[in-house]
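All remarks here apply to the structure that follows.
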Amino acid sequence: MKEIDELISYTGKTGFEPSVLSDSETAHLVIKAHRVLSYRETEGVKMEARESPDGVELLLSIKEGWKIKKPIHLCFGLLHRRGTQRIKLKALLEKGSSAKFIAHCIFPNAEEVTHIMDADIRVGQDAMMMYSETHYHGVSSGAVVKPKAVVKAERNSRYYTEFNLRDGLVGDLELDYQVLAEEESIVELTAKVFGHKRDQIKIKEGITLKGMNARGLIKTRVALEGNAQAEVIGITEGMAEGARGHVDCMEVVKDNATARAIPVVRVTHPKAKVTHEAAIGSIDRKQLETLMAHGLSPEEAVDTIVKGILR
Amino acid sequence: MDLLELRDITFRANGKYILNGLSLTVRYNEVHALLGTNGTGKSTLAYLIMGCSGYKPSSGEILFEGKKINELTLYERAKLGICLAWQEPVRFEGISVRDYISVHNKDIDPAPFLELVGLHPELYLDREVDKTLSGGERKRIELASVLALNPKLAILDEPDSGIDMLSTDDIIRVIEMFKKSGSSVLLITHREEIALISDRASQLCGGRIFYSGEPERVAEMFKSRRCLICDGEVCKDERD
Ligand SMILES: Nc1ncnc2c1ncn2[C@@H]1O[C@H](COP(=O)(O)OP(=O)(O)O)[C@@H](O)[C@H]1O
Ligand SMILES: [Mg+2]
């Protein structure tokens with residue numbers, strides 16, 4: 001089997017549509033371990049990659065004013081049972097550009113696999129970036145995954161990101177996203193993770209609302225069962241007039257799982273406003289009873305509620 | 001044999017009698033209105049019949065189609081054909097109205113049920129059953145979902161209360177639909193004009209059924225009641 005086909009064979013778990021690889025109007029980049037297996041640039045989309053012994057250094061840029069219609073697909077995979085993959089990503093959306101990225105991160109056989117993503121992202125003035133990533137870490141709990149991003153959302157830009165890990169085991173996850181939001185920008189960070197067995201989940205997301213009227217939302221949904229543990233830290237800082245921020249964290253736990261939520265709101269300008277809500281607990285009894293009254297078994301009811309929360 | 005029979009039900013919580021010697025029957029294909037002021041124990045009775053957690057009769061029997069169901073779980077009772085539409089239906093994040101109405105059977109087309117409760121399917125099917133719905137919208141969707149379930153017994157806990165409540169006409173239409181599909185309805189309400197659309201009615205007062213019979217008679221008695229909030233004292237000596 002060709003290497004790329006082997007990698008692609010696992011991507012159903014993250015909702016990857018292999019036909020995008022042959023579409024000449026869709027930009028894509030496929031990295032396995034420390035090698036670039038396939039990539040395509042399209043008009044307005046530039047990619048540069050440099051392979052290193054244990055990873056790849058990437059430069060992605062969207063040219064000024066270009067609105068990229070079709071989502072850009074990124075695939076980062078490591079199929080070995082042991083190994084390390086280090087991705088250094090620099091992304092730049094130039095002034096007035098817009099693009100949607102769909103990333104698939106696949107470590108299906110992980111027994112001792114480390115994946116480190118170090119992203120440095122700049123969303124230029126009036127630009128819009130959507131970054132949606134879906135992970136699959138296999139079923140042996142052997143992945144150590146550390147996605148880290150430092151983002152600057154410039155004047156009147158939009159930055160939306162979504163992190164999904166809902167299938168299989170998590171392993172050890174340490175997510176750390178920090179965003180600086182300038183004047184009139186809008187930032188939304190969403191993370192949805194389902195932890196099982198001995199999974200360890202740490203999610204830390206921060207938005208600094210530095211510019212006037214900057215807006216930020218941090219939304220986290222975590223479901224836990226078995227002995228999984230999660231800690232969610234959402235930090236929003238309002239530093240300018242009209243800045244508005246909200247932190248919304250919900251964690252549902254079953255069995256012996258434990259969850260912590262630490263919403264931190266800080267306001268250093270009298271005309272900034274930051275709010276937060278955090279709900280941690282077992283699955284709502286009234287929700288369960290309502291679904292059972294509709295004929296679902298207790299297990300089906302739990303499953304339906306958890307799927308809804310993580311959707 | 002009646003569809004539902006409650007025999008001498010007593011329910012105590014925190015040392016206080018909420019229901020005390022309550023007996024009631026709901027017949028097959030009957031719309032039975034249960035009238036009572038706020039705080040008389042109407043919702044409590046609904047939870048006892050459905051089998052909600054924390055609601056087991058302290059004494060007395062609940063019979064469904066002649067079989068005692070006191071020991072059955074909520075899920076087992078639902079499987080027998082009992083369903084409850086809560087007074088304040090709970091919200092669900094990430095579940096669409098479409099999926100909610102057909103949650104028990106993916107093959108059901110939810111659209112006609114939404115129309116029956118006065119909601120345009122194209123505006124609602126893809127919305128979530130979450131906190132963005134108004135109280136009235138949520139209640140309508142709950143009624144639609146219970147209709148879609150086609151239960152033997154639908155317990156509707158105050159479908160007529162709330163801020164943007166259903167009109168009496170809406171309620172009549174929904175109730176008729178239940179009757180047409182062969183369901184019995186225990187229609188809980190504190191509005192006597194709603195009770196008038198039932199086949200039979202009962203008045204709950206002081207933890208017991210004060211009177212069961214003709215809806216007109218029950219509505220009349222309820223209207224002329226002397227207690228605004230039930231304390232079980234005023235009518236204590238009047239009941240049969
Ligand atoms: N589990 C419970 N524990 C203690 N008190 C309860 C419980 N459930 C209901 N009650 C009390 O019982 C009374 C009846 O409540 P409810 O059934 O909600 O009345 P209704 O639906 O007729 O307005 C109220 O005084 C309520 O506070
Ligand atoms: Mg009530």
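Remember, predicted model here, so these are calculated numbers, not experimental data. Below, each value reflects all heavy atoms present in this structure, side chains not excepted, and no hydrogens, waters or symmetry copies. Every chain is numbered from 1, with letters handed out A, B, ... down the list of sequences.
Within a 6.0 Å sphere centred on NZ of A/Lys69, other residues, nucleotides and ligands contribute 12 heavy atoms or fewer. Atom CD of B/Glu88 has 12 or fewer heavy atoms from other residues, nucleotides or ligands within 6.0 Å. At most 12 heavy atoms of other shown residues, nucleotides or ligands fall within 6.0 angstrom of atom CZ in A/Arg215. Summarising the local packing, CZ of B/Arg173 is surrounded by more than 12 heavy atoms from other residues, nucleotides or ligands at distances under 6.0 Å. Other residues, nucleotides and ligands contribute over 12 non-hydrogen atoms within 6.0 Å of the NZ atom of A/Lys286. No more than 12 heavy atoms of other residues, nucleotides or ligands lie within 6.0 Å of NZ in A/Lys204, so this atom counts as exposed by the packing criterion. Other residues, nucleotides and ligands contribute at most 12 non-hydrogen atoms within 6.0 Å of the CZ atom of A/Arg266. The 12-atom threshold is exceeded at NZ of B/Lys106, counting heavy atoms of other residues, nucleotides or ligands nearer than 6.0 Å.
Salt bridge present: B/Lys131 and A/Glu277 bring a charged side-chain N and a carboxylate O closer than 4.0 Å. Salt-bridge annotation for A/Arg311 and B/Asp99: present, with a side-chain N of the basic residue lying under 4.0 Å from a carboxylate O of the acidic one.
When B/Ile95, B/Leu74, B/Val146 are compared by the number of non-hydrogen pairs under 4.5 Å with chain A, B/Leu74 comes out ahead. Taking chain B as the reference chain and counting heavy-atom pairs below 4.5 Å, the highest number among A/Glu289, A/Arg221, A/Met250 is found for A/Glu289. Here B/Gly94 is the residue among B/Ala78, B/Pro151, B/Gly81, B/Gly94 with the most heavy-atom pairs under 4.5 Å with chain A.
B/Tyr75 OH to A/Leu288 CG: the interatomic distance, rounded to the nearest 0.5 Å, is 13.0 Å. Annotation: the span from B/Glu93 atom CD to A/Ile305 atom CD1 amounts to 12.0 Å, rounded to 0.5 Å. Atom CE in B/Met50 sits 8.5 Å away from atom CE in A/Met292 (nearest 0.5 Å).
Panel note: side chain A/Gln287, backbone B/Val90; no donor-acceptor pair is recorded below 3.5 Å.
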Exercise for review: Applying side-chain contact (heavy atoms from CB on, under 4.5 Å), run through B/Phe92 and A/Ile309 and close with a yes or a no.
Suggested key: CA-CA 8 Å; B/Phe92 293 91; A/Ile309 290 167; over 6 Å; no

Exercise for review: Please report the C-alpha distance between A/Thr304 and B/Tyr100 in whole Å, then the side-chain angles of each, then the deciding distance to 0.1 Å, and finally whether the side-chain contact (heavy atoms from CB on, under 4.5 Å) criterion is met.
Suggested key: CA-CA 10 Å; A/Thr304 303; B/Tyr100 186 67; over 6 Å; no

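Residues of residues 293-302 of chain A lying under 4.5 angstrom from chain B, judged on non-hydrogen atoms, are A/Ala293, A/His294, A/Gly295, A/Leu296, A/Ser297, A/Pro298 by number.
No part of B/Asp130 comes within reach of chain A, as not one of its non-hydrogen atoms sits under 4.5 angstrom from that chain. Residue B/Thr73: no heavy atom, backbone or side chain, is found under 4.5 Å from chain A. Neither the backbone nor the side chain of B/Arg77 comes within contact range of chain A, judged by heavy atoms closer than 4.5 Å.
Within the structure, side chain to side chain donor-acceptor pair (under 3.5 Å) pairs that include any residue of residues 44-54 of chain B comprise A/Arg285-B/Ser53 (at least two apart or interchain).
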